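Model, not experiment: these values are computed from the prediction. Every chain is numbered from 1 and lettered A, B, ... according to where its sequence line falls, protein lines coming before strand lines. Just the heavy atoms: all of them, side chains too, but no hydrogens, waters or symmetry mates, feed the values below.
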Protein chains: 2
Amino acid sequence: MNIGEAAQASGVSAKMIRYYEETGLIPPAGRSGSGYRTYGPKEVQVLRFIRRARDLGFPMEKVADLLALWRDRSRASADVKRLAEAQIAALEARIAEMQAMQVTLTHLVHTCAGDDRPDCPILVDLSGGRP
Amino acid sequence: MNIGEAAQASGVSAKMIRYYEETGLIPPAGRSGSGYRTYGPKEVQVLRFIRRARDLGFPMEKVADLLALWRDRSRASADVKRLAEAQIAALEARIAEMQAMQVTLTHLVHTCAGDDRPDCPILVDLSGGRP
DNA sequence: TATGGGGCTTCCCATAATGGGAAGGTCAAG
DNA sequence: CTTGACCTTCCCATTATGGGAAGCCCCATA
């Protein structure tokens with residue numbers, strides 16, 4: 001199977017597959033006589049694993065850790081769980097930050113008439129309304 | 001006032017002040033005889049405006065729009081409000097994505113024993129548990 | 001067999017916003 | 001005058017992804 005088909009089958013773009021190989025996240029693919037990368041079902045499964053982990057927000061570095069655990073038959077499930085819990089915590093932190101922004105913005109929006117006059121408490125606040 | 005003081009006063013790093021100037025977000029600062037950038041209270045206020053808008057999650061491009069409206073005495077407050085509402089919506093979208101990840105991960109974590117045995121439903125799921 | 005279209009290769013560039021650091025000029029205090 | 005803190009510009013790195021060019025390859029069809 002060529003890289004295009006592997007991309008289709010895994011949901012990872014050909015571009016990213018090459019990138020993952022380049023950065024060592026996955027081992028170099030086999031090559032056909034003419035230099036084309038070749039993939040089998042096993043490789044596609046790895047790619048899907050990566051895709052899924054990325055979809056859950058794991059950064060590539062953590063994906064590498066997950067892959068290592070996956071390959072390690074003598075892993076402790078506690079290690080996997082730790083990674084997942086850390087990711088949950090990271091998401092929670094980021095979400096909290098953004099919710100704080102949202103709250104502030106929502107307040108500001110409520111104070112703004114939103115008509116064709118120039119007066120706007122939003123701008124006043126941004127420019128340091130409360131010194 | 002030199003760039004370091006302006007950075008202190010505005011909460012924007014000297015590095016970023018130069019960058020904002022380079023990208024045209026702010027006009028070129030005045031220069032002292034020896035080439036040092038110089039800033040007055042007005043410039044610092046602009047920097048604080050930028051800082052605050054960035055803190056609310058506005059991307060630089062939108063900050064530029066906000067700055068333009070701020071400078072435009074004949075703006076309509078509706079335009080400002082629109083930008084703020086769009087930002088709220090953008091935050092909401094991103095938050096929703098991340099919450100979905102969080103929910104999935106939380107489910108997975110609950111299914112994992114987290115002991116020293118290797119069996120781990122998290123890995124099973126990542127590797128395509130549901131075909 | 002020749003030709004064309006689509007797929008593959010590598011290489012370079014760009015993104016968004018920020019920080020790190022080097023090499024060298026400047027200023028103020030001692 | 002020296003020293004240390006600050007400024008200048010320039011280059012590099014980050015994270016993960018996409019775009020595109022130049023050139024080779026494969027297969028089907030005329």
Side-chain angles (χ1 to χ4, degrees), chain A residues 1-26 28-40 43-44 47-67 87 90-91 93-94 97-98 101, chain B residues 1-26 28-40 43-44 47 49-67 86-87 90-91 93-94 97-98 101:
Chain A
M1 167 170 16
N2 285 340
I3 200 171
E5 296 162 87
Q8 280 291 183
S10 66
V12 178
S13 72
K15 215 87 190 209
M16 289 314 296
I17 296 176
R18 296 194 194 97
Y19 175 70
Y20 292 154
E21 180 182 319
E22 186 194 317
T23 59
L25 184 64
I26 56 178
R31 297 285 183 142
S32 74
S34 54
Y36 284 18
R37 287 176 181 79
T38 59
Y39 299 86
E43 284 74 36
V44 169
L47 290 170
R48 264 206 248 102
F49 182 103
I50 294 172
R51 175 70 208 276
R52 183 115 176 86
R54 295 281 309 124
D55 284 349
L56 291 175
F58 287 96
M60 272 184 53
E61 194 194 341
K62 302 297 178 183
V63 175
D65 295 344
L66 288 168
L67 273 175
Q87 172 61 12
L91 286 168
R94 198 77 244 295
E97 272 180 25
M98 295 199 300
M101 295 176 186
Chain B
M1 162 170 19
N2 284 341
I3 200 172
E5 298 163 86
Q8 279 290 184
S10 66
V12 178
S13 73
K15 214 88 192 210
M16 289 313 297
I17 296 177
R18 295 195 194 96
Y19 174 71
Y20 291 155
E21 180 182 319
E22 186 192 315
T23 59
L25 184 65
I26 56 178
R31 296 285 183 142
S32 74
S34 55
Y36 283 20
R37 287 176 181 79
T38 59
Y39 300 85
E43 284 75 35
V44 168
L47 290 171
F49 182 103
I50 295 172
R51 174 71 208 275
R52 183 117 176 83
R54 295 281 308 123
D55 284 349
L56 291 175
F58 286 97
M60 273 185 52
E61 195 194 341
K62 302 296 176 182
V63 175
D65 294 344
L66 287 168
L67 272 174
Q87 173 61 11
L91 287 168
R94 199 76 242 299
E97 272 180 27
M98 294 198 301
M101 296 175 187

Heavy-atom neighbours of A:Glu5 CD exceed 12 at 6.0 Å: yes
Nearest-angstrom distance from the residue atom OH of B:Tyr39 to C1' of D:dC7: 11 Å
Under 4.0 angstrom between B:Arg54 side-chain N/O and C:dA16 OP1 or OP2: no
Presence of A:Ser13 side-chain N/O under 4.0 Å of D:dT17 phosphate oxygens OP1/OP2: no
Separation of atom NZ in B:Lys62 from atom P in C:dA17, rounded to whole Å: 11 Å
Separation of atom CE in A:Met1 from atom P in C:dG7, rounded to whole Å: 16 Å
Sugar-phosphate only, base, or nothing, as touched by B:Arg18 at under 4.0 Å among non-hydrogen atoms: base
Sequence-aligned protein contact record of nucleotides 19-24 of chain D, with B where the base is within under 4.0 Å of a protein heavy atom and S where only the sugar-phosphate is: BB----
Among D:dC7, D:dC25, C:dC8, the one nearest A:Asn2 by side-chain distance: C:dC8
d(CD, B:Glu21; P, D:dC7) in whole Å: 14 Å
Phosphate OP1/OP2 of D:dG18: any A:Tyr19 side-chain N/O under 4.0 Å: no
Sequence-distant partners of B:Glu97, side chain to side chain donor-acceptor pair (under 3.5 Å), two or more places apart: B:Arg94
A:Arg31, nearest nucleotide to its side chain (from C:dT26, D:dC25, C:dT10): C:dT10
Any donor-acceptor pair under 3.5 Å from B:Gln87 side chain to B:Gly57 backbone: yes
A:Arg52 side chain to A:Leu56 backbone, donor-acceptor under 3.5 Å: no
Short side-chain N/O contact from B:Arg37 to OP1 or OP2 of D:dC6, under 4.0 Å: no
Main-chain N/O of B:Gly11 paired with B:Arg51 side-chain donor or acceptor, under 3.5 Å: yes
Which residues share a side chain to side chain contact (heavy atoms under 4.5 Å, CB included) with A:Ala64, sequence neighbours left out: A:Leu25
Along DNA chain C (nearest heavy atom to each residue), the more 5'-positioned of A:Ala14 and B:Ser32: A:Ala14
